[in-house]
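Everything below concerns the one structure shown next.
In listed order, ligands and their atoms are each counted from 1.
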Amino acid sequence: MMFGSLRPQAPAPAPSRLTWSWLTLFQIFLAVANFEPDEKGQEFSVIYKWSHRKLKFTPYQSIATHSARDWEAFEVDGEHFLAVANHREGDNHNIDSVIYKWNPATRLFEANQTIATSGAYDWEFFSVGPYSFLVVANTFNGTSTKVHSHLYIRLLGSFQLFQSFPVRPQHEPQLSIIGHCACHMHLLDR
Ligand SMILES: *[C@@H]1O[C@H](CO)[C@@H](O)[C@H](O)[C@H]1NC(C)=O
Ligand SMILES: *[C@@H]1O[C@H](CO)[C@@H](O)[C@H](O)[C@H]1NC(C)=O
């Protein structure tokens, strides 16, 4: 989800661009994807939590990411997840993107599954009846922009590859899920 006009109320470590994801648990969390390494060369994204006392978002958890482009929040069977699109690590675009699951015992998001991606740009979640799907937009594999984007279905506690789609290579693909039950999936070039 992108909310380009919002600005963080808590000081963020000066990323060049931000993407936003809302996750409503018993509280509100906001995941901010950081595109650039900080001054120490470390890359991480920050999950902020709404403070009812301070009436602003305050940093809650830092997660190591690699040129993170998007955070997608979703719920499956009462469990809460965040998927990050890791775009590249240095010059390497063929890296894992990670699905984190909220652990109510530790009260932290913990890695639940890694998925190999190529210049991942966007995650979208949708469900059809009892089935949950995640689709990732891949953009570049190091030599080519003619890479497939992949649709995953959740079976037996993990996401498994369901179908792959070629995306026209000119630009970064944009994913959008139109409608909730009819589920037309659009893979567009900007
Ligand atoms: C991920 O979460 C599911 C439950 O949603 C669990 O069954 C599975 O063991 C978890 N996987 C890892 C690697 O923690
Ligand atoms: C990248 O994709 C191109 C076109 O699909 C393919 O020919 C090439 O082998 C791929 N390279 C890597 C490193 O996966």
**Request:** Starting from the C-alpha separation in whole Å, work towards a yes-or-no answer on ring-ring contact (aromatic ring centres under 6.0 Å, His included) for Phe81 and Phe74.
**Result:** CA-CA 5 Å; Phe81 295 85; Phe74 57 94; 5.2 Å; yes
**Fill in**
For Lys101, the ligand 1 atoms with a heavy-atom partner under 4.0 Å come out as 2 (O), 3 (C), 4 (C), 5 (O)
**Message:** Could you tell me, atom by atom, which parts of ligand 1 come under 4.0 Å of a heavy atom of Gly157?
**Reply:**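 Heavy-atom distances to Gly157 below 4.0 Å select 3 (C).
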Note down each nitrogen or oxygen pair, ligand 2 side and protein side, whose separation is under 3.5 Å; give only atom names and the distance to 0.1 Å.
residue	atom	partner	partner atom	Å
ligand 2	2 (O)	Asn141	ND2	2.3
ligand 2	5 (O)	Lys146	O	3.4
ligand 2	11 (N)	Asn141	ND2	2.9
ligand 2	11 (N)	Thr143	OG1	3.4
ligand 2	14 (O)	Asn141	ND2	3.2

**Request:** Take Val98 and Phe109 through the side chain to side chain contact (heavy atoms under 4.5 Å, CB included) test and state the conclusion after the steps.
**Result:** CA-CA 11 Å; Val98 185; Phe109 289 94; over 6 Å; no
**Message:** Between Asn86 and Thr65, do the side chains contain a donor N or O and an acceptor N or O under 3.5 Å apart?
**Reply:** no
**Prompt:** What pairs with His93 under ring-ring contact (aromatic ring centres under 6.0 Å, His included), at least two apart in sequence or on another chain?
**Reply:**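 Listed in chain order: His87, Phe140.
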**Request:** Quick one: do Lys101 and Glu79 satisfy salt bridge (charged side-chain N to carboxylate O under 4.0 Å, His left out)? Show the steps, please.
**Result:** CA-CA 7 Å; Lys101 189 175 79 168; Glu79 295 189 297; 3.1 Å; yes
**Prompt:** Quick one: which of Glu72, Gln113, Arg154 gives a side chain to side chain contact (heavy atoms under 4.5 Å, CB included) with Ile99?
**Reply:**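 So the option named by the test is Gln113.
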**Prompt:** To the nearest 0.5 Å, how far apart are OG in Ser158 and OH in Tyr152?
**Reply:**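 Spacing of OG (Ser158) from OH (Tyr152) equals 11.5 Å.
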**Asked** Given that the side chain starts at C-beta and the backbone is N, CA, C, O, which of these parts of Glu79 lies under 4.0 Å from ligand 1, counting heavy atoms, or is it both or neither?
**Response** side chain
